[in-house]
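Small disclaimer: the values here were computed from a predicted structure and weren't measured. Just so we're on the same page: letters track the sequence lines, and every chain starts at 1.
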Amino acid sequence: MLDRKFILENAPLVKENCLRRKSPADVDRFVALETQRRALQARLDDLNRQANELSRSIGKADAAQREALKAKGRELRAEAQAAEHELAGLAAELDAIHRAIPNLSHPDAPVGENANRELRRGKTPLPTFNFPPRDHVQLGEQLDLIDLEGGARVAGHGFYFLKNEAVLLELALQRYALDVLLREVFTPAITPDLARNEILSGIGYIPRGPETQIYSIADSDLSLVATAEITLGGLLADHILEREELPIKLCGISHCYRTEAGAHGRATRGLYRVHQFTKVEMFAFTTPEQSEEMLEHFCELECRLFDGLGIPYRVIDTCTAELGGPAYRKFDLEAWMPGRGEQGEFGEVTSTSNCTDYQARRLGIRFRNKHEKGTHFVHTLNGTAIAISRALIAILENYQQADGSVRMPPVLQPLLGFDAITPKTQAKRDAAPHSS
RNA sequence: GGAGAGGUGGCUGAGUGGUCUAAAGCGCGGGUUUGCUAAACCCGUGACCUCGCAAGGGGUCCGCAGGUUCGAAUCCUGUCCUCUCCGCCA
């Protein structure tokens, strides 16, 4: 959320920003309602003051006067309660608009729709194949790594089984990412896969409703998390930190669950858009002065991770129309996926955002300066270290060989214990244990 | 899942209807004293909203939401969380 006072004092700027970000939030209505709310609050404060004064006087009054004073007190309290109800009604609508107003945008973020800007390329050149490259679905099937049909049978379209070497690959990718991040003094965490709806909406997700990306748990106020950003950010909800404690860098492993409502027909093949995957996520709480640098740091780490894996990618500065509500600026890494489209295409594999104080304001995460009264909101940032499903796509498709095998990125080989995934022979398949 | 206890400021913790306008300690800040450091002593120290140029004033907040009352940290109901014990369980 933006600061209410800020919106009031900078309505034209906030409106302009909503336009750039394709947000339908009604800023004018917000300003009108907020102005009303303030007046009403002032009246309520005054009624409360009178009632408080009166109550104090009753304690000291003699018995003869008490009944009359009590009656007056009842009157005042009734009036105050009416004002309070009116206020609650106003506040509900106000809050709904308030939450819909997106964060401000970084002045350097490209403005408009389809205006994403490529900032740079990774170290690894695009691969060339002297054979028609397969996509990860074919590779996954031929090498018995990904069972989409099995996933569909058990849980429906969008679910899958990882099998055989793909299981080790998932674990190796987690460990690889973690090793890199531990050297950068992130505190590692394995987070809950469920979170309270209050936390979800603090981070900026809408737990329920027709467009929601979130699976909710029936008869509870819990939802499956769409990313560990939710749990890591929620970790310090309602905390006041000392400036010296910042920045705090965390990385969390969690499963991510997404309904992908409204995403049908959009690059749905294989592992690209699935309802569940595992992700190693980076998260930081910083002071306002630290957040821009931290965004660069996160982006650099994402680049380091994919350079290390030997996967070609480009870095994108996301345009304003495509920024999510909380993001002030967002960089995406798009990895080269040779099996995508006709000739191969770039596909998003990671993303890092500076959310400035937008999430912190909702979650109540503040810090304090020594020698200073009051508090300030921290800045929060998140970034993908590795989203396993999409990293798998990139590895399988970029490292495939003419004979149908897939070499393993050298950095993963010590973690995996093998250097390539080769087609199983019939004998090996027969020897593999079958579940009944 | 059952029984019990409890959630109070940055932390510990007192407070069972009206000077609670929340004690005290710790921590933190300032000062005095002081070869240095430490100790001791003194003073000051919650958040949020709002009015005011300021000094300062008002309101809200004792897990959360309701209720009783002129008045609630305190009484009642619901709810969430924590702890102890029992049961179940990887």
**Residue pairs fulfilling ring-ring contact (aromatic ring centres under 6.0 Å, His included) with at least one residue in residues 173-195 of chain A, sequence neighbours excluded** = F186(A)-F298(A)
Provide the Watson-Crick or G-U wobble partner of [N], both distances under 3.5 Å; none if there is no partner.
N       : answer
rU69(B) : none
rA22(B) : none
rU34(B) : none

**Complete:** Applying side-chain contact (heavy atoms from CB on, under 4.5 Å) to R243(A) and not counting sequence neighbours gives T287(A), E289(A), F367(A), N369(A)
**Prompt:** Where do V137(A) and G270(A) come nearest, in terms of heavy atoms and distance?
**Reply:** CG2-CA, 3.4 Å
**Asked** Any side-chain N or O of K5(A) less than 4.0 Å from the OP1 or OP2 oxygen of rU50(B)?
**Response** yes
**Asked** Taking only side-chain nitrogens and oxygens of T375(A), does any of them come within less than 4.0 Å of OP1 or OP2 of rC48(B)?
**Response** yes
**Fill in**
5' to 3', nucleotides 53-60 of chain B under a 4.0 Å protein heavy-atom cut-off (B base, S sugar-phosphate only, - none) gives -----BSS
Roughly how far apart, to the nearest Å, are [N] and [M] at atom [atom1]?
N       : M       : atom1 : value
rG66(B) : rA23(B) : C1'   : 30 Å
rG25(B) : rG67(B) : C1'   : 36 Å
rG4(B)  : rU77(B) : P     : 14 Å
rC42(B) : rC36(B) : P     : 22 Å
rC20(B) : rU34(B) : P     : 40 Å
rA40(B) : rA54(B) : P     : 40 Å
rC80(B) : rA65(B) : P     : 15 Å

Sequence neighbours left out, what passes ring pair (Phe, Tyr, Trp, His ring centres under 6.0 Å) with [X]? Give chain and number order.
X       : result
H297(A) : none
Y160(A) : none
H255(A) : none

**Prompt:** If only atom types and distance count, is the side chain of Q359(A) paired as donor or acceptor with the main-chain N or O of I203(A) below 3.5 Å?
**Reply:** yes
